[in-house]
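First comes the structure, then the notes that go with it.
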Amino acid sequence: MFTMMSPKRNNQSFIILPWIAIALYCIFSTDLAAQELRTYNIACDPNDFSFIIDNPWSDHYIDCSFEYNDQLWEGVQIRIRGESSRGYPKKSFKVNFSAEHRFFGRDKLNLISEYTDPTLSREFLAYDLYHRAGLYASHAWFARIIVNDEYLGLYLDVENVDEFYLRGTELDNNSSIYKADLNGTILSVEEDVEELWAKQTNTISGFYDLNNLIEWLDCVSDNDFFDELKDRFDPNELARTISVNSLCANTSTYYHNYFLIHNIEEDGLWRILPWDMDATWIYSNFGKTPYYFRSGHPIQNKINVLLRRCWRDEEFQNLAIQHMKGMIDSVFTVGYYDAKTDSIEALILRSIEDDPHFQ
């Protein structure tokens, strides 16, 4: 448990004013415009599909066609995706499109079964909160999945974080993207970076910049931390990201399931993006990690080094708390969520009722 500390600087409230403006812009201009119910029709060899369902721990792709809104994509491939979710009765899928015929500029679709979520909406609401807070994150769409004329259920289509994602944002297209690929990606000098992290862009340059970030986190003094942090992260953006993650109670980010994006050609700054947000809006706390750290894996008693350094720095902690208080008054309100959950229920209730895994 931590106690709130008084700010070191009286002008910190002025620092977050641009972020308040960004948040208000996002609230009134987008409301995560992706709230819609899609229908994806997939056709493939029934025997091939049975094979991947019966062998969920394999990354075996099978050929298929993909239809949406009367448009047809050929030369598509599909496989089972996920980790522990591969053992669920309702499988999740990854769909790959050809370079010649991408899905509205997207190379991959992540079709998440949300099997452990009886509402099938927690992950959608988590991404929604990130966007309403003015932060970079994947977009998500509710989708009915039909394979060979059989309704498999309601899924969440989550935008992949890759070079195609960068092209749809104001981020530099040449940024390096690192995915925290396995348990234990806590930015510690003890971790095997090349084993635990997957570099998705600029692969030829290796992991030098991620190693440099990890080494800095290990050796920077407490007195110099906040000032030197500004050379590596936008403190307001990072504080807002950490605060949003705490508000939606995400229990897997920081030891797994997040991205680091490094803008190597412009300002040189890093940013954190969330991933696999299904474990949100529920309270769980394992091991010895403080509740606000939201590192909820039962074997991960070590805390993400960046997060630990941030929360234990008085100046950063006060900045994060200011962001959190501001969002509680603006984007994280009962009125918004009452209306939002009602609209989601109206949109997807029938699809859930028809879902064969929720009968």
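Residues: numbered from 1 along the sequence shown.
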Find out whether [X] and [Y] are in side-chain contact, i.e. whether some heavy atom of one side chain is under 4.5 Å from a heavy atom of the other.
{"X": "Phe124", "Y": "Gln35", "value": "yes"}
{"X": "Arg271", "Y": "Leu171", "value": "yes"}
{"X": "Val95", "Y": "Leu111", "value": "yes"}
{"X": "Asp278", "Y": "Ile112", "value": "no"}
{"X": "Ile146", "Y": "Thr39", "value": "yes"}

Matching residue for Ser176 among Thr201, Asn202, Thr203 - test: side chain to side chain donor-acceptor pair (under 3.5 Å): Asn202

Salt bridge present between [X] and [Y] (N-O < 4.0 angstrom):
{"X": "Asp162", "Y": "Lys179", "answer": "no"}
{"X": "Asp107", "Y": "Arg167", "answer": "no"}
{"X": "Asp222", "Y": "Arg309", "answer": "yes"}

Ring centroid separation Tyr127 to Trp141 under 6.0 Å: no

is_close_aromatic(Tyr337, Phe332), centroid dist under 6.0 Å: yes

Phe225: which of Phe316, Trp311, Trp216 passes ring pair (Phe, Tyr, Trp, His ring centres under 6.0 Å): Trp216

Given Tyr165, Tyr254, Phe259, the one that forms ring pair (Phe, Tyr, Trp, His ring centres under 6.0 Å) with Trp275: Phe259

Qualifying residue, where the test is salt bridge (Lys or Arg N to Asp or Glu O under 4.0 Å) with Asp59 and the options are Arg81, Arg86, Lys94: Arg86

Flag, side chain of Lys90 to backbone of Glu114, donor-acceptor distance under 3.5 Å: no

Donor-acceptor pair between Tyr336 and Asp128 side chains, under 3.5 angstrom: yes

Gap separating the OG atom of Ser188 from the CG atom of Leu196, nearest 0.5 angstrom: 10.0 Å

Going by the angle between their ring planes, with limits at 30° and 60°, are [X] and [Y] parallel, tilted or perpendicular?
{"X": "Tyr115", "Y": "His357", "answer": "perpendicular"}
{"X": "Phe207", "Y": "Tyr178", "answer": "tilted"}
{"X": "Tyr68", "Y": "Tyr40", "answer": "perpendicular"}

